[in-house]
Structures are given as structure tokens and as C-alpha cells.
Amino acid sequence: MPAIPVVVENRSLSELRPQLLMLPGPTPLPQAVLQALSGPMINHRGPAFAELFAEIEKGLSWAFQTEHRVLMLTGSGTTGMEASLLNLFSPGDKVLAVSNGSFGERWGDMAAVYGLEVERLVYDWGKPIQTQDLRSKLQADKAQTIKAVLIIHNETSTGVLNPLQEMAAIVREHGALVIVDAISSLTSTPLPMDAWGLDVVLGASQKGFMVPPGLAFVALSAKAWEVHAKARLPRFSLDFSLTREYAEQGWTPWTPPIPLFYGLKVALQMMQAEGLEQIQARHLHLMQTVRAGLKGMGLELMIPDERQASRAVTPVYPPPGLDADDIRKSLLEEYNIVLGGGQRKLTGQIFRVGHLGYQHLPNIWATLIALEQTLKKRGYPVPAGISIAATDPDYEY
Ligand SMILES: Cc1ncc(COP(=O)(O)O)c(C=O)c1O
């Protein structure tokens, strides 16, 4: 008989302590969501699932601020990005990919893989997009060969929030589709899909929705649906028409990750109880607190101007002479606090404090104080509590 495994065997105390997940996704999960995830398996072609599906669809349209149906695809955010290319274009179509970080670059690369002609508007990582450049590019396209502009709303790799509303207005004047990766901005940041005239908006479950990874969300405007009808790139499991056809019956075309639907239902109820404006205000305040605290410690933020700063994540440079990944490692080992690292060319150069989803002030305070301690131990002088003293303690939720 094999021995029954003892869960705590070979695990350090720090592993068993609750972890503070300060990432821009996956984010911590509310207890009610965790409980919901353990619901029973049901028939995904039965009435109970259809009822669950319909309630979630309504909740998602609320979160996207759209009257359109929000499709749910099994997969991560990248699945949604890929699906939007497959469903909206034909081989050789031209798109303009705007980038100021890793995700923007990757989306352009992905479009090229599928045989699209990719024009780029590229900025150094973390540098703000100049809307005048976008206007000039599109005005130069007199024959309207650019079919769509790919925009990352919140560039999670560099913590820069792009001026989406203004960009969308410029793209609409030209006539191209406005396709938005809102994967790390949805719910935390104002993003009224219909009011801003966005054609495609993408989200992912593990970000501002407080559920585990595994679902991608995609909403399309009426114009995007028309373009989809003519798009000829090959696709099968990610086909939007098929997904919509099944959604009309309360189902997904393929077997869905049923536990995520249980969790999402509860998470959306929690979000609706809090209110979209309040969620956004909470994230704004968390971002302001993190920024003030880090600056209070004397650290340099990657995005100096708060108006261009992400409400999901704050990237920061380590003090001179210290390595960003070393700092992250000690926070993990000594306090069980997880921070994001720099991606690709920023590896080791920055660390990123996530403040997205199920987050509140005490988590931020704990992170700031632990960071103070870590830096002090590494010879960087930080008077105790200076970061918290730099934040606004009078804020009321
Ligand atoms: C802006 C943005 N786009 C795309 C992705 C990719 O999402 P996923 O890792 O869920 O595929 C992420 C993930 O962090 C993101 O933040």
C-alpha cells in the first residue's frame, strides 16, 4: 500500500504561510470564489449550466460596458489575442501594431506569424505613445489599406497606461477597426467599450476578474462582426461565429472549464456589489499608495507621470547597485511576498508591484514595509515606516 501523503511533509514553514501575491495576474482569490470553484461537475449541455452561463454573460457585458455579447474562450489572454486575429483578417491584410512594451511587440509578431502585413508604431519600452504619431501614420494611409490598429490598453510589462480613448477616436476617423487588448486593465481602469467606440475588447479571467487563469473574454462591435463574416484566416476551435451560435443556447462549443464558471459567477456578483466606479477608484488609490510609498523610500518609478501609470502594476528600479531579482527573491524567501519581475530585456532591471483584483490597502502596506526591511538588510538606508508615511492614511473606502 502506498503511504498516504502528508501534506506538510518536506515543506518549509514559509511555504505554508499564506502568500501575498502582488502580481498583475494571476491575482489573489476571494474566499467565496475559492469555495465556489469546488462545486460539483454538471452537464455542460444541461439547463443548470445554461443558467450559469446566461448570468455570467450579463455580468461580463456589465464589466465591458457594452450591449454586445462577450464571448468566453477556454485559454489564457493570449488565446483571445490570437483568436481576434484569426477571426478578423484574411491572409495579407495590413494591421498597424502599436507598442511600448513586451505585449505590444508580441501582438505584432503574432500577426506576422499568421501572414498579415504588419506596420508598426514602436516606442521604447515604457515611453508614452504620442497620439500625433498615430494620426500621422493613419493620415498617410490614404488608400485605407490598414484594416485595424492593435492597441494594448495597459502595457503590463512596463506599467504604462496608453491613451486609449484618444487613440480610438483617431482610428475611427480613419475607418480601421480598433482592437484592444484590455487584458490587464479591464475592471480596474475606465474602459467603456461602446461609449469609446471600440471594436474588439479582450480580457482574461486571472486579471481584474478575481478568478483563476483559463478563460479569455472577447467582445465585438457590430462593425467587427461584419468584418468577421468576411475574414478568411483558417480557424476551428476558436471560431467566433460558432462560439456565438452556442452562446445563444447558453453553452460553449467545446467542454468548458466548469469550475471557472462557478468562480466567475461569484466574482461578478462581488464586483457588481462593489460597483464599477468604486472598483476603479479603489485601484486608483492602491496605485497612488504604491507609487507614493516607493517614492517615499527614494526609489525611482519607471513611469514618472501618474497620468500615464497603470492601475494594475507599478514597475520600479532597484536602488543603484542592487539587483531587482535579488530583492524579489528575498521578499519571497523571508516574507512570502511575490512581486513581478522585469520581462525579457528588463529582466533583473526592474521589479513590478502588482495591485490588481482582490487587493486592499493592508496588502500594500505589508509589501512596502517588507520591502523597506529587505532594502535595509542589503545596505540601502531606509528609515522604518518612511514609505507608509509618504502615503495618504486618511483615505476612506
Ligand atoms: C496586456 C497583456 N496582454 C496579454 C497578456 C497575456 O495573457 P496570458 O498570459 O493570459 O496569455 C498579458 C498577461 O500578463 C497582459 O498583461
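Both counts, for ligands and for their atoms, begin at 1 and track the order of listing. Side chains are part of it too, since the values below use all heavy atoms of this structure and drop only hydrogens, waters and symmetry mates.
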What pairs of donor and acceptor atoms, side-chain ones from residues 248-267 against any protein atom, are under 3.5 angstrom apart with sequence neighbours left out?
residue : atom : partner : partner atom : Å
Thr252  : OG1  : Trp254  : O            : 2.7
Trp254  : NE1  : Ser237  : O            : 2.8
Tyr262  : OH   : Pro40   : O            : 2.3

* Are the charged groups of Glu274 and Arg282 less than 4.0 angstrom apart, N to O? -> yes
* Is Arg172 positioned over the aromatic face of Trp196, cation under 6.0 angstrom from the ring centre and no more than 45 degrees off axis? -> no
* Asked: Under 6.0 Å from the NZ atom of Lys230, do we count more than 12 heavy atoms belonging to anything else shown?
  -> no
* What orientation do Phe53 and Phe49 show, parallel under 30°, tilted 30 to 60°, or perpendicular over 60°? -> tilted
Write out each pair where an N or O from ligand 1 and one from the protein are under 3.5 Å apart, with the distance.
residue  : atom   : partner : partner atom : Å
ligand 1 : 3 (N)  : Asp181  : OD2          : 2.6
ligand 1 : 10 (O) : Gly77   : N            : 2.8
ligand 1 : 10 (O) : Gln206  : NE2          : 2.8
ligand 1 : 11 (O) : Ser76   : OG           : 2.5
ligand 1 : 11 (O) : Gly77   : N            : 3.3
ligand 1 : 11 (O) : Thr78   : N            : 2.8
ligand 1 : 11 (O) : Thr78   : OG1          : 2.4
ligand 1 : 14 (O) : Lys207  : NZ           : 2.6
ligand 1 : 16 (O) : Thr156  : OG1          : 2.4

* Go through Trp125 and Asn100 one step at a time and tell me if the side-chain contact (heavy atoms from CB on, under 4.5 Å) criterion holds. => CA-CA 5 Å; Trp125 285 26; Asn100 50 356; over 6 Å; no
